[in-house]
Amino acid sequence: MLSRLDYKKNIFIGILASAIRYFLFAGSVDSVSMQTFMVSSAILLHGICYDFLFIAGQFYVDDEANERMRCAAQWLIAFILWAWAPLSALTLPVLPGG
């Protein structure tokens with residue numbers, strides 16, 4: 001599926017799946033009767049989010065960067081996704097009662 005669509009559509013599907021996933025997690029807090037279904041659905045969407053967002057981004061960098069810059073570009077993506085994003089989340093304020 002990733003190879004049939006262009007990069008913009010792949011990344012859009014990944015972002016859309018991520019938004020749906022977060023809404024499912026948020027909605028599961030207030031809906032006790034649907035909590036198991038919502039959390040399970042959100043967990044299942046994780047694979048779609050990962051494939052269509054992160055892997056499509058890696059493919060895009062691999063195709064667009066020349067051979068000299070490819071390693072540095074992929075390292076930058078890895079740094080942003082796996083180091084900077086989690087660390088920046090630590091600076092978010094904690095909500096009362098959370």
Side-chain angles (χ1 to χ4, degrees):
M1 182 81 158
L2 287 172
S3 62
R4 288 189 220 147
L5 300 173
D6 64 345
Y7 294 115
K8 288 182 183 180
K9 289 179 184 171
N10 279 323
I11 291 173
F12 176 76
I13 290 170
I15 291 170
L16 184 65
S18 294
I20 293 169
R21 182 173 180 246
Y22 290 122
F23 281 116
L24 285 169
F25 275 132
S28 70
V29 174
D30 296 330
S31 177
V32 177
S33 63
M34 294 291 288
Q35 193 170 33
T36 303
F37 172 75
M38 292 176 120
V39 170
S40 299
S41 299
I43 291 171
L44 289 173
L45 277 175
H46 175 73
I48 294 171
C49 298
Y50 183 79
D51 286 343
F52 282 90
L53 192 57
F54 299 129
I55 301 301
Q58 290 288 341
F59 285 160
Y60 177 76
V61 167
D62 196 44
D63 285 347
E64 293 297 319
N66 63 26
E67 196 169 320
R68 277 185 64 211
M69 297 300 293
R70 190 170 295 143
C71 180
Q74 288 180 345
W75 179 88
L76 180 63
I77 286 179
F79 175 76
I80 290 170
L81 293 176
W82 303 113
W84 179 77
L87 290 175
S88 66
L90 294 174
T91 64
L92 294 174
V94 176
L95 298 175

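Starting from 1, each residue takes its place in the sequence as its number. These numbers come from a predicted model, not from an experiment.
- Nearest heavy atom pair, residue Ala56 against residue Ile11, reads CB-CG1, 4.2 Å.
- The closest side-chain heavy-atom distance from Val39 to Phe25 is below 4.5 Å.
- For residues 65-79, the pairs satisfying salt bridge (charged side-chain N to carboxylate O under 4.0 Å, His left out) are Asp62-Arg70, with sequence neighbours left out.
- Considering all non-hydrogen atoms of both residues, Arg21 and Cys49 come closest at CD-SG, 3.9 Å.
- Of the inter-residue distances, the one linking Ile13 atom CD1 with Lys8 atom NZ reads 14.5 Å to the nearest 0.5 angstrom.
- Here OG of Ser41 is found 15.0 Å from NE2 of His46. Values are rounded to the nearest 0.5 Å.
- A continuous path of ILVMFWY side-chain contacts below 4.5 Å connects Tyr60 to Ile55, so both sit in one hydrophobic cluster.
- Here the shortest heavy-atom pairing between Val61 and Ala73 reads CG1-CB, 3.4 Å.
- Annotation: ring-ring contact (aromatic ring centres under 6.0 Å, His included) contacts of Tyr50 (sequence neighbours excluded): Phe54.
- The two residues Leu45 and Ala17 have their closest heavy-atom pair at CD1-O, 4.0 Å.
- Nearest heavy atom pair, residue Gly57 against residue Ile77, reads O-CD1, 4.0 Å.
- Judged by distance alone, the side chain of Ser31 and the main-chain N or O of Gly27 form no donor-acceptor pair under 3.5 Å.
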